[in-house]
Amino acid sequence: MSDLQIQSENHSSGVPPTPSTPEFSAATQPSYTRTLFLGPDGLRPGWGFAFYVVMFYTLQKIAVDLAWARDFGFSGLWSSLLEEFGNFLAAVIPSLVLCRIERRHWRAYGLPGSEVFRKSFWQGISWGISAITVLMLGLYGTHCFRFGHIAIHGARALRFAAFWAVMFLFVGLFEEFLLRGYSQFTLSRGMGFWPAAIALSCAFGLIHLRNGGEQWPGLLAAAFIGLFFCLTLHRTGTLWFAVGFHAAWDWGESFLYSVPDSGMLSPGHLLSSSLSGPKWLSGGSVGPEGSVLCFAVIAATWIAFDKAYPLTSTPRKS
């Protein structure tokens with residue numbers, strides 16, 4: 001018999017109704033700690049991003065220390081390669097922990113294993129090498145760049161070509177996942193895709209300050225390129241195009257055309273090339289990324305990509 005029926009019978013028999021037990025909403029609500037850290041969509045974006053950053057810097061320091069703990073030879077290049085590989089692991093490991101906490105598929109962060117070195121990656125390679133080639137031809141046409149002569153030959157040239165290909169693959173994987181993987185996904189949940197993209201692209205420009213020869217035109221160019229990489233993520237749904245583009249651009253700039261990349265001239269480059277002319281046009285010691293032509297090339301690449309990969313209604317999967 002229900003409480004309502006009992007109260008009805010008591011009322012008809014002259015017995016005063018039994019007061020019902022009050023319901024306290026606080027007793028059924030989650031704890032303050034749970035509410036502080038968790039929202040309706042899982043771990044709150046701010047906490048997830050903070051945890052990711054702290055864990056990354058902790059692991060990166062360990063990776064750098066291990067990479068340079070001993071002399072692996074090759075004038076420190078093997079240590080540099082190990083450092084970039086360690087940096088990539090330091091960016092990935094916290095996301096593996098967080099995807100378990102947030103109960104998401106790791107592929108949601110932009111590097112699905114099913115697409116490793118598939119179509120998008122090789123499309124990015126072709127776009128990247130084409131873009132840096134157009135930039136170098138523009139500098140050549142304005143008499144700011146000279147090809148020089150071939151500096152290394154035969155097997156030595158092939159070894160360095162392969163080494164720098166692997167090196168810049170890890171650079172692309174590390175920097176793209178760090179700033180456009182978990183970070184982009186998480187901050188997009190809190191502020192939207194493009195505000196997060198702008199903030200992280202500015203960060204992408206600023207991290208190039210660690211390169212000793214970098215100057216503000218190069219920082220702006222890096223931020224602009226970073227924003228373009230966000231566009232490729234938004235249109236393709238993965239980071240593989242951006243990884244391929246990034247790796248090919250750096251390889252073409254550093255090895256193939258043998259010019260400074262963010263103020264750094266890589267050893268074992270193919271040509272004895274040189275840059276000359278006004279800094280605003282040639283890029284000066286920064287390299288082609290410090291040239292005003294770099295902005296024009298990236299803008300043209302943005303327009304071409306926008307036409308080749310039109311916006312669809314399919315959202316990025318979470």
Side chain to side chain contact (heavy atoms under 4.5 Å, CB included) between Phe245 and Thr301, intermediate numbers included: CA-CA 11 Å; Phe245 189 109; Thr301 304; 4.0 Å; yes
Determine, stepwise, if the pair His234 / Phe229 fulfils side chain to side chain contact (heavy atoms under 4.5 Å, CB included). CA-CA 9 Å; His234 192 261; Phe229 289 153; over 6 Å; no
Chi angles and distances behind the side chain to side chain contact (heavy atoms under 4.5 Å, CB included) call for Leu66, Leu82: CA-CA 9 Å; Leu66 289 175; Leu82 287 174; over 6 Å; no
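Side-chain contact between Trp240 and Thr236 is absent, with no heavy-atom pair separated by less than 4.5 Å. The shortest side-chain heavy-atom distance between Phe88 and Val92 falls under the 4.5 Å cut-off. Counting heavy atoms from C-beta on, the side chains of Arg189 and Glu102 come closer than 4.5 Å. For the pair Thr142 and Leu281, the minimum side-chain heavy-atom distance is below 4.5 Å. Taking the side chain as every heavy atom from C-beta outward, Glu115 and Phe121 never approach each other to under 4.5 Å. Here the side chains of Trp194 and Cys230 are in contact, with some heavy-atom distance below 4.5 Å. Side-chain contact between Leu139 and Val259 is absent, with no heavy atoms from C-beta onward closer than 4.5 Å. Inter-residue side-chain proximity for Val243 and Leu111 is flagged as met; some heavy-atom pair is nearer than 4.5 Å.
Put simply, the side chain of Thr186 never gets that close to the backbone of Ser183: no donor and acceptor are under 3.5 Å apart. With Gln184 contributing its side chain and Phe193 its backbone, the two residues share a donor-acceptor pair below 3.5 Å. Formation of a donor-acceptor pair under 3.5 Å by the Ser201 side chain with backbone atoms of Ile198 is not found in this model. A distance-only check finds a donor-acceptor pair linking the side chain of Ser79 to the backbone of Ala67 [under 3.5 Å]. Under the 3.5 Å distance criterion, the side-chain polar atoms of Ser258 are matched with a main-chain donor or acceptor of Leu270. Put simply, the side chain of Tyr52 gets close to the backbone of Ala91: a donor and an acceptor are under 3.5 Å apart.
Under a cut-off of 6.0 angstrom, the local environment of CZ in Phe72 is crowded, with over 12 non-hydrogen atoms contributed by other residues, nucleotides or ligands. Heavy atoms of other residues, nucleotides or ligands lying less than 6.0 angstrom from CH2 of Trp68 number more than 12.
Here Pro260 pairs with Leu265, Leu275 under the side chain to side chain contact (heavy atoms under 4.5 Å, CB included) rule; sequence neighbours left out. Shown here are the salt bridge (Lys or Arg N to Asp or Glu O under 4.0 Å) partners of Lys61, two or more places apart in sequence or in another chain: Asp65. Not counting sequence neighbours, the partners of Cys99 by the side chain to side chain contact (heavy atoms under 4.5 Å, CB included) test are Trp106, Tyr109. Every residue two or more places apart in sequence or in another chain that forms a ring pair (Phe, Tyr, Trp, His ring centres under 6.0 Å) with Phe145 is listed here: Phe147. Residues forming a side chain to side chain contact (heavy atoms under 4.5 Å, CB included) with Ser114 (at least two apart in sequence, or on another chain): Arg107, Pro112.
Rounding to the nearest 0.5 Å places CD of Glu253 at 7.5 Å from SG of Cys294. For the atom pair CD (Glu289) and CG (Asp250), the distance works out to 6.5 Å, reported to the nearest 0.5 Å. Leu256 contributes atom CG, which lies 9.5 Å from atom CD1 of Ile132 (distance to the nearest 0.5 angstrom). Atom CD of Glu176 and atom CG of Leu178 lie 9.5 Å apart (nearest 0.5 Å). Rounding to the nearest 0.5 Å places CG of Leu179 at 11.0 Å from CZ of Phe177. Summarising the geometry, atom CD1 belonging to Ile93 is positioned 11.5 Å from atom OG1 belonging to Thr58; distances are rounded to the nearest 0.5 Å.
For residues 221-235, the set of pairs meeting the salt bridge (Lys or Arg N to Asp or Glu O under 4.0 Å) definition, not counting sequence neighbours, comprises Arg235-Asp306. Legend: salt bridge (Lys or Arg N to Asp or Glu O under 4.0 Å) pairs involving residues 125-138, not counting sequence neighbours: none detected. Under the ring pair (Phe, Tyr, Trp, His ring centres under 6.0 Å) criterion, the residue pairs touching residues 279-309 are Trp127-Phe305, Phe228-Phe305, Phe241-Phe305, Phe241-Tyr309, Phe305-Tyr309, with sequence neighbours excluded. Within the structure, side chain to side chain donor-acceptor pair (under 3.5 Å) pairs that include any residue of residues 144-158 comprise Arg146-Ser276, His149-Ser272 (at least two apart or interchain). Among residues at least two apart or in separate chains, there is no salt bridge (Lys or Arg N to Asp or Glu O under 4.0 Å) pair with a member in residues 129-139. The ring pair (Phe, Tyr, Trp, His ring centres under 6.0 Å) contacts involving residues 247-278 comprise Trp251-Phe255, where partners must be two or more places apart or lie in separate chains.
Note: the hydrophobic cluster containing Tyr140 also contains Ile150 (ILVMFWY, side chain heavy atoms under 4.5 Å, direct or indirect links). Linking Ile, Leu, Val, Met, Phe, Trp and Tyr residues whenever their side-chain heavy atoms come within less than 4.5 Å places Leu187 and Val97 in a single cluster. By the rule that hydrophobic residues join a cluster once side-chain heavy atoms approach within less than 4.5 Å of another member, Val64 and Tyr57 end up as members of separate clusters. Cluster annotation: Phe224 is not connected to Ile303 through the hydrophobic network of ILVMFWY side chains, with a link wherever side-chain heavy atoms come within less than 4.5 Å. Taken together through direct or relayed side-chain contacts under 4.5 Å among Ile, Leu, Val, Met, Phe, Trp and Tyr, Val54 and Phe56 form parts of separate hydrophobic clusters.
The shortest heavy-atom contact between Ser95 and Tyr182 is CB-CB, 4.1 Å. Considering every non-hydrogen atom in both Leu219 and Gly205, the closest pair reads CD2-O, 3.0 Å. The shortest heavy-atom contact between Asp261 and Ser254 is CB-OG, 3.4 Å.
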Could you pull out all donor-acceptor pairs under 3.5 Å where a side-chain atom in residues 157-172 meets a protein atom, sequence neighbours excluded?
residue	atom	partner	partner atom	Å
Trp164	NE1	Pro267	O	3.0

